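Hydrogens, waters and symmetry mates play no part in the numbers below; they use all other heavy atoms, side chains included. All values reported here derive from a predicted model rather than from experimental measurement. Starting from 1, each residue takes its place in the sequence as its number.
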Amino acid sequence: MPKIVDHAQRREEIALVACRVVAEYGFEQATIVRIAREAGYTTGMVAHYFDTKQDIIIAALRLILTRIEARLTKPADAAPDLQTVLTETLPIDAQRYIECAFWTAFWGQVSADKRLRRINSWLHREYMRLFERCIAEGWPEWAHWSATVREQVLRSIVTFINGITASAVVNLRDWPAQRQVEQLRLQLTMLRAWANKTGR
């Protein structure tokens, strides 16, 4: 009896390995040959699932976004405070570091590739949607702020997290998990106080 192969699972495994390879070796050195070897597959098997390296990268991006959404999206009655939720996006452990290192490597490729720019625009919209939902659920007063203030708060939080992500990926020794969380708490506290003062 032939072995039943879960093709969706295999595609996800390859995408996950690609995240790790890009995080460890960088975008240019993350060749299909290296990704296949790290996954324990032949290049022919990887080619069966993905036509190009770019297709693997896009699958990896979608996988990371799905994982982030799963971590950020919790039932309303079980949702922790906003800081705890947003901490899930920071490179505070090995798996999140790999995801964040992959993101930063991808950012470096966006400006030179039209297809990746389109993918990045879509990812950015999804990312903003997720964060807006988290803030609205975490801060009840969000609904009473003006649209302009909500926009400023949302963009400030996203920009801040992107900045910590890039800084920690470049120099994790200088940005241990505790420091990342402390800075996130400070930023959220200041933004909330400012918005409550000026946003109504």
Side-chain angles (χ1 to χ4, degrees), residues 12-40 53-54 56-74 79-113 116-117 119-120 123-124 126-128 130-132 134-135 138 153-192:
E12 185 173 308
E13 287 173 0
I14 295 169
L16 196 57
V17 169
C19 290
R20 190 176 72 243
V21 171
V22 169
E24 185 173 352
Y25 297 101
F27 201 92
E28 295 302 325
Q29 299 301 315
T31 62
I32 291 179
V33 172
R34 177 166 268 160
I35 291 169
R37 185 171 64 239
E38 293 282 338
K53 170 181 161 181
Q54 190 181 73
I56 300 175
I57 297 304
I58 291 170
L61 286 165
R62 288 178 172 146
L63 175 62
I64 292 174
L65 182 63
T66 299
R67 289 182 162 209
I68 290 173
E69 183 164 12
R71 293 200 298 262
L72 294 183
T73 308
K74 299 182 184 296
D81 65 276
L82 181 62
Q83 178 192 319
T84 301
V85 171
L86 295 185
T87 296
E88 294 285 344
T89 66
L90 299 176
I92 57 173
D93 59 24
Q95 181 56 49
R96 288 168 180 78
Y97 177 85
I98 288 172
E99 293 175 0
C100 291
F102 180 88
W103 275 115
T104 55
F106 169 74
W107 290 339
Q109 302 299 312
V110 168
S111 62
D113 190 305
L116 293 184
R117 280 204 299 273
I119 293 292
N120 186 62
L123 288 168
H124 179 71
E126 291 299 299
Y127 198 53
M128 296 291 279
L130 279 172
F131 272 73
E132 184 172 9
C134 291
I135 300 168
V153 169
L154 175 60
R155 290 191 177 276
S156 292
I157 289 174
V158 170
T159 301
F160 179 80
I161 288 178
N162 286 343
I164 284 191
T165 294
S167 297
V169 166
V170 170
N171 188 357
L172 188 58
R173 180 179 296 179
D174 201 42
W175 283 97
Q178 182 179 355
R179 179 169 293 169
Q180 294 179 48
V181 174
E182 287 173 352
Q183 290 298 309
L184 175 61
R185 178 170 55 248
L186 177 60
Q187 182 75 0
L188 292 177
T189 299
M190 291 191 299
L191 276 172
R192 191 176 192 179

* **Side-chain touch L90/C100, heavy atoms, less than 4.5 angstrom** => no
* **Non-hydrogen side-chain atoms of V169 and W175 separated by less than 4.5 Å** => no
Counting only pairs under 3.5 Å, give me each side-chain donor-acceptor contact of residues 23-30, with atom names and distances, residues two or more places apart or in other chains.
none

* Just wondering, do R71 and T89 contact through their side chains at under 4.5 Å, heavy atoms? -> no
* Can you measure from OG1 (T31) to CD (E38) and round to the nearest 0.5 angstrom? => 9.5 Å
* To do: Answer yes or no: is there a side-chain heavy-atom contact under 4.5 Å between Q54 and D113?
  => yes
* Asked: Distance from T165 atom OG1 to R96 atom CZ, nearest 0.5 Å?
  -> 12.0 Å
* Asked: If you take all heavy atoms of L191 and V153, which pair is closest and at what distance?
  -> CD1-O, 4.2 Å
* Structure fact -> Smallest heavy-atom separation, Q180 atom then I92 atom, equals OE1-CG2, 3.8 Å
* **Taking every non-hydrogen atom, the tightest pair across K53 and I32** => N-CD1, 3.6 Å
* With sequence neighbours left out, what residues match E13 under salt bridge (Lys or Arg N to Asp or Glu O under 4.0 Å)? -> none
* Pairing residues for R155 by the salt bridge (Lys or Arg N to Asp or Glu O under 4.0 Å) criterion, not counting sequence neighbours -> E151
* Asked: Taking only residues two or more places apart in sequence or in another chain, which ones pass salt bridge (Lys or Arg N to Asp or Glu O under 4.0 Å) with E182?
  -> none
* Asked: Does the ring centre of F131 sit less than 6.0 Å away from the ring centre of Y127?
  -> yes
* Structure fact -> Distance col, row D81:CG vs T87:OG1, nearest 0.5 angstrom, shows 8.0 Å
* Test log, rule side chain to side chain contact (heavy atoms under 4.5 Å, CB included), inputs W103 and I68 -> CA-CA 12 Å; W103 275 115; I68 290 173; 3.8 Å; yes
* Structure fact -> Rounding to 0.5 Å, atoms CG (D93) and CD (E99) come to a distance of 8.5 Å
* Structure fact -> Closest heavy-atom pair, I35 versus V17, reported as atoms and distance to 0.1 Å, is O-CG1, 3.6 Å
* Applying salt bridge (Lys or Arg N to Asp or Glu O under 4.0 Å), name anything that partners R179, two or more places apart in sequence or on another chain. => D174
* Shortest non-hydrogen contact from A166 to T104? -> CA-CG2, 3.9 Å
* **Between CG on residue L116 and CD1 on residue I57, distance to nearest 0.5 Å** => 8.5 Å
* Structure fact -> What one should report as the nearest heavy-atom pair of I64 and C19 is CD1-SG, 3.6 Å
* Taking the side chain as every heavy atom from C-beta outward, state whether R67 and L16 have any atom pair closer than 4.5 Å. => yes
Expected list for residues 183-190: side-chain donor-acceptor pairs under 3.5 angstrom, two or more places apart:
unit_1, atom_1, unit_2, atom_2, d
T189, OG1, R185, O, 2.8

* Asked: Between atom CG of N120 and atom CG of L61, what is the distance when rounded to the nearest 0.5 Å?
  -> 8.5 Å
